[in-house]
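Reviewing the structure listed below.
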Amino acid sequence: MKTIIEPFKIKMVEQLRFTTREEREELLQLAHYNPFLLHSDDVLIDLLTDSGTTAMSAKQWSALMDGDEAYAGSRSYYKFEKVVQDITGFKHVIPTHQGRAAERILFSLVGGVGKIIPNNTHFDTTRANIEDSGAAAVDLPDPLGIRPEVIADFKGGMDVDALEALIFQARPANVPLVMLTVTNNTGGGQPVSMRNIREVSRIAHSHGIPFFLDACRFAENAMFIKLREKGYADVPVKKIAQEMFSYADGCTMSTKKDGLVNTGGFLAMNDDALAMKARNVLIVTEGFTTYGGLARRDLEAIAIGLVEVLDESYLAYRLRSVQYLGDALEAQGVPIMRPTGGHAVYLDAKRFAPHIPVSEYPGQSIVCALYEQAGIRSVEVGSVMFGKYDSNGSLLPSPMELVRLAIPRRVYTQSHIDYVAEAVCEVYVDRDHLPGLRIAYEPPVLRHFTSHFERICKPVPALHVVGSNRVAMTNGVR
Ligand SMILES: *Cc1c(COP(=O)(O)O)cnc(C)c1O
């Protein structure tokens with residue numbers, strides 16, 4: 001059988017709310033052309049993020065009822081700890097309310113002025129927590145990882161020569177930790193090979209530096225290793241995950257991703273002294289060591305999610321369903337980042353809308369058009385998110401202008417994804433009419449979340465707007 005099906009059936013459904021194109025045009029204007037400012041009730045298919053948007057299983061929902069809400073020593077904590085230890089092999093497991101809380105605790109202990117933390121590509125909260133401690137966050141991506149058009153199996157890894165050079169230059173004493181993010185989220189959800197994990201670990205350890213994984217998407221990464229790396233085709237994915245963690249001394253994780261739950265995270269490690277310090281910070285900032293800012297029932301759901309995520313039929317479906325959207329878009333000539341990663345498809349806005357200069361945010365223009373066209377919410381990952389200004393106030397653009405279509409886990413069916421592909425293709429056909437945008441208001445940091453935009457010119461209606469296709473689209477009933 002060639003068809004890979006959803007390895008689950010649906011027990012509970014959540015109603016979608018349809019809007020008309022006219023309503024969406026008005027709603028988007030009211031949201032200042034920034035879909036972060038839309039109400040989710042006005043969104044039909046929400047591809048803003050795969051974080052915390054998972055559909056939990058019947059087993060997870062029933063486990064919530066079994067949560068032991070004791071403040072200290074909860075039975076639910078010990079279940080959670082056992083599962084995390086089984087997968088990661090780490091001695092100390094410290095629950096946190098989400099991934100960035102684990103980062104905050106870790107870097108408040110090992111960061112600080114003069115310290116340098118290398119990573120393949122730091123996620124934005126990781127970078128923010130490192131910089132907040134006074135340390136410097138340095139990205140050392142594989143050179144292939146920043147070329148969207150190049151097809152390669154493992155574009156998410158770290159440039160190991162650059163790592164050697166950086167440690168040599170900075171001196172090992174100033175590098176408290178080497179980190180590797182699996183999969184490389186900011187770099188397009190591209191996987192990291194076992195070979196690269198092993199190499200980075202070897203280099204770090206040869207200088208006496210601890211090595212940590214940012215393990216948010218460890219299971220998707222392990223499945224890519226099974227499918228693509230020589231020698232792993234017949235190894236169970238759980239064993240692959242265990243091997244990945246075996247090279248590391250600890251990890252941070254947001255369970256909102258491969259934990260298959262809606263909130264939570266953890267910090268895990270082998271170092272007894274560091275763990276004791278981390279637990280002391282945890283008690284001050286998150287909560288007691290056996291709940292870390294979570295309801296104990298959440299720990300029950302995570303314990304089950306971490307087992308379910310390693311189910312190979314789930315992972316085959318997961319990677320295939322992301323690739324399915326990428327393939328559908330490529331078949332229509334839509335430029336995307338290749339190959340598709342584990343959790344999202346990225347449109348290459350520079351090639352999609354070459355008539356819009358980067359200073360007029362082509363990615364944001366596509367994001368807006370997708371919402372108006374079909375009620376789909378996506379996010380710009382380009383100069384809106386990463387752009388800075390020089391001393392003259394001119395934009396220093398991001399190296400890439402992307403639009404991310406992140407796929408929530410176990411939420412949308414194949415027909416939802418077909419609908420998304422159709423909508424993207426329709427926007428692509430009309431791409432010459434996409435207007436540029438200017439920023440009308442922006443906050444001093446993380447501007448993509450709350451900026452206001454204005455369209456630079458009114459979009460010219462395309463010729464086929466009056467066709468029956470568009471009428472069907474408007475009602476969202478395809
Ligand atoms: C989401 C994410 C984080 C932060 O986790 P939160 O739960 O959002 O705080 C850190 N690293 C990576 C790679 C992520 O994707």
Side-chain angles (χ1 to χ4, degrees), residues 36 47-54 84 94-108 111 117-133 137 139-141 145 155-158 177-192 197 200 212-222 224 244-245 248 250-268 282 285-287 292-295 298-299 301-302 305-306 309 318 322 341-344 346 379 381 385-386 402 404-409 446 448-449:
F36 273 104
L47 307 183
L48 188 70
T49 178
D50 66 320
S51 176
T53 52
T54 302
V84 176
I94 298 169
T96 58
H97 79 277
Q98 58 182 88
R100 70 197 67 181
E103 295 167 350
R104 167 109 189 110
I105 292 169
L106 179 63
F107 294 114
S108 71
I117 319 274
N119 202 325
N120 43 352
T121 313
H122 288 277
F123 182 65
D124 55 9
T125 62
T126 322
R127 170 176 290 279
N129 276 301
I130 291 170
E131 291 175 352
D132 194 52
S133 80
D139 290 342
L140 303 174
K155 290 169 70 173
M158 185 182 280
L177 201 76
V178 173
M179 209 166 196
L180 202 49
T181 304
V182 294
T183 57
N184 189 335
N185 181 12
T186 310
Q190 299 292 329
V192 183
I197 296 173
V200 171
F212 271 56
L213 289 174
D214 176 339
C216 294
R217 297 178 181 80
F218 77 96
E220 289 169 6
N221 200 87
F224 275 120
M244 286 164 51
F245 286 108
C251 73
T252 56
M253 170 144 183
S254 166
T255 52
K256 299 172 75 172
K257 285 65 174 254
D258 274 351
L260 297 182
V261 293
N262 305 119
T263 195
F266 60 85
L267 170 63
L282 182 85
T285 59
E286 290 278 294
L294 292 163
D298 292 329
L299 296 169
I302 297 168
L306 288 171
V309 80
R318 171 72 178 157
V322 173
H343 66 291
Y346 293 72
V379 66
V381 179
M385 194 178 272
F386 296 122
L402 304 172
R404 187 179 79 171
L405 306 166
I407 315 292
R409 294 171 180 76
L446 294 174
H448 51 290
F449 289 119

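As the structure is a prediction and not an experimental result, all values here were calculated from the model. Start at 1 and go down the list; that is how both ligands and their atoms are numbered.
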What does the contact table look like for ligand 1 (nitrogen or oxygen on each side, cut-off under 3.5 Å)?
residue: ligand 1; atom: 7 (O); partner: Q98; partner atom: NE2; Å: 3.4
residue: ligand 1; atom: 7 (O); partner: G99; partner atom: N; Å: 2.9
residue: ligand 1; atom: 7 (O); partner: S254; partner atom: OG; Å: 2.7
residue: ligand 1; atom: 8 (O); partner: Q98; partner atom: NE2; Å: 3.3
residue: ligand 1; atom: 8 (O); partner: R100; partner atom: NH2; Å: 3.0
residue: ligand 1; atom: 9 (O); partner: Q98; partner atom: NE2; Å: 2.9
residue: ligand 1; atom: 9 (O); partner: G99; partner atom: N; Å: 3.3
residue: ligand 1; atom: 9 (O); partner: R100; partner atom: N; Å: 2.8
residue: ligand 1; atom: 9 (O); partner: R100; partner atom: NE; Å: 2.7
residue: ligand 1; atom: 11 (N); partner: D214; partner atom: OD1; Å: 3.4
residue: ligand 1; atom: 11 (N); partner: D214; partner atom: OD2; Å: 2.7
residue: ligand 1; atom: 15 (O); partner: N185; partner atom: ND2; Å: 3.0
residue: ligand 1; atom: 15 (O); partner: R217; partner atom: NH1; Å: 2.8
residue: ligand 1; atom: 15 (O); partner: K257; partner atom: NZ; Å: 2.8

Q | Donor-acceptor contact present, side-chain N184 to main-chain T181, <3.5 Å | A | no
Q | Aromatic F123 / basic K257 pairing, under 6.0 angstrom, 45° off normal | A | yes
Q) What do you reckon, is CZ of R104 surrounded by more than 12 foreign heavy atoms closer than 6.0 Å? A) no
Q. What is the minimum heavy-atom distance between C216 and S254, and which atoms define it?
A. SG-N, 3.5 Å
**Q.** From CA spacing to verdict: side chain to side chain contact (heavy atoms under 4.5 Å, CB included), T252, M179
**A.** CA-CA 10 Å; T252 56; M179 209 166 196; 3.3 Å; yes
**Q.** Heavy-atom side-chain proximity of R127 to D139 below 4.5 angstrom
**A.** yes
